[in-house]
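Note on naming: letters A, B, ... go to the chains in the order of the sequence lines (proteins, then strands), and numbering restarts at 1 for each one. Because only heavy atoms are used, hydrogens play no part in the values below, and waters and symmetry mates are left out as well, while side chains stay in.
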Protein chains: 2
Amino acid sequence: MSENAREAILEAAKIAAQHFGYSGINFRSIGETVGIKNASIYYHFPSKAELGAAVAKRYWEDTAGVLEAIHRETPDPRDSLRRYPSIFRTSLENGNRLCLSSFMAAEYQDLPEPVKKEIVAFADINVAWLAARLIELELGDAETCQRRARAIYTAVAGAQLIARTRADIGLFDELVESYQEAGLLPV
Amino acid sequence: MSENAREAILEAAKIAAQHFGYSGINFRSIGETVGIKNASIYYHFPSKAELGAAVAKRYWEDTAGVLEAIHRETPDPRDSLRRYPSIFRTSLENGNRLCLSSFMAAEYQDLPEPVKKEIVAFADINVAWLAARLIELELGDAETCQRRARAIYTAVAGAQLIARTRADIGLFDELVESYQEAGLLPV
DNA sequence: ACCTGAACACCGTTCAAGT
DNA sequence: ACCTGAACACCGTTCAAGT
């Protein structure tokens, strides 16, 4: 039961954060969802900052797992790169939610230090994965691939952000296609 | 004095929004900055939603003016497009602030309707301006240029978002360069 | 070990009241 | 016409108290 409460709190906080950002994490409504009083959350997490950090940390760990799976299932780096935007597309599919970390990137100035740390970690694992695929494609030296990887991550995260404001997943697809046509993303 | 109060409220709200987003607009601290009590703000604006909308509206109107000026001063569309990212760079220069509208794009789900309307207007005038320059460059038909314009706007807004999380304006420049190298932005 | 009730300072908002 | 004080329901957080 205690481990269940902790899990339930994390899950409810994650959903809230994906919809409304860090500031959308509300202890009273999380308590209601979980079936405990808001004060009880403090038994499991010392503060909203630590709860937010735990949510963000689990989020990038999950994403790292997905990236690994794509790499494993899709040995060809070109195919892997074609699948990459699907990670961001999936959040939009599931109720127009934003990838947690690009979301919190906007709130960044406002965020407690432990949360910031996990947001940066999310970007880092994405860029590292992209750079590894670009190197496999022999698209340049390590430095060049790193730069290009940062550009791809940034552009795809931006596409998710913009598509969300129109609640239009077709716009996300169109933007990714445009990146491919323009040559930012290998085809 | 009364017109001054309204102006001072708008200015204080804009600064707050660029730093902390819509949720960072705080009536009590705006009141302190302006030198009135928070209840007095309601004499000038009927709600936080309407104040936020007024801030966003003025922001895209100002941006439209800057875009017009660039077009006027820089007849060559290629040069105009090279100057475009400077709009987003300037906010970062001025205290690591975010372009208001890409900022609020992240909070979008949470935003009152009148604010949403102005955020979408900001994106629209940017895309329209970019598309006009691409057409002048004869880079394709109207539809193609519109698509490419959306991709450029999205990628540059994303670059600002990511650069901000690292408080690194050099990263913004690097991302824009990468877009140029990749062929997304004409050089 | 896990949860609660009551209190704290803070927020947007309202409203009757002041000049 | 413009502003204020006091109150409202809401928030994160604390803490003594319950089982």
Identity of whatever pairs with D/dT19 - Watson-Crick or G-U, under 3.5 angstrom: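 Result: C/dA1.
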
Taking pairing as Watson-Crick or G-U wobble with both contacts under 3.5 Å, can you name the mate of D/dT14, or confirm there isn't one? C/dA6

In whole Å, what is the span from the [atom1] atom of [X] to the [atom2] atom of [N]?
X       : N      : atom1 : atom2 : result
B/Leu51 : C/dT13 : CG    : P     : 10 Å
B/Glu50 : C/dT13 : CD    : C1'   : 14 Å
A/Phe45 : D/dG12 : CZ    : C1'   : 16 Å
B/Asn4  : D/dA1  : CG    : P     : 18 Å
B/Ile36 : D/dG5  : CD1   : P     : 12 Å
B/Asn38 : C/dC15 : CG    : P     : 15 Å
B/Phe20 : C/dG12 : CZ    : P     : 13 Å
B/Ile25 : C/dC11 : CD1   : C1'   : 14 Å

Listed nucleotide nearest any side-chain atom of [X], set [options]:
X       : options               : answer
B/Tyr43 : D/dC2, C/dA1, D/dT13  : D/dC2
A/Ser47 : D/dG5, D/dT13, C/dT13 : D/dT13
B/Arg28 : C/dT4, C/dC15, C/dT13 : C/dT13
A/Tyr42 : C/dG12, D/dT4, D/dT14 : D/dT14
A/Phe27 : D/dG12, C/dT4, C/dT13 : D/dG12

Give me the ring orientation class for B/Phe122 and B/Tyr59: parallel if the planes are under 30° apart, tilted from 30 to 60°, perpendicular past 60°. tilted

Salt-bridge present ([X], [Y]; N to O < 4.0 Å):
X        : Y        : value
B/Arg148 : A/Glu181 : no
B/Asp124 : B/Lys117 : no
B/Glu61  : B/Arg58  : no

OP1 or OP2 of [N] less than 4.0 angstrom from a side-chain nitrogen or oxygen of [X], does that happen here?
X       : N     : value
A/His44 : C/dA1 : no
A/Ser40 : C/dC2 : no
B/Lys37 : D/dC3 : no

With heavy atoms under 4.0 Å as the rule, sort B/Asn26 into base, sugar-phosphate or nothing. sugar-phosphate

B/Arg82 atom CZ, neighbour heavy-atom count above 12 within 6.0 Å: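 Enclosed: over 12 neighbouring heavy atoms sit under 6.0 Å from CZ of B/Arg82.
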
Return the 5'-most residue of the pair B/Gly24, A/Ile41 with respect to DNA chain C, ranking by each residue's nearest nucleotide. A/Ile41

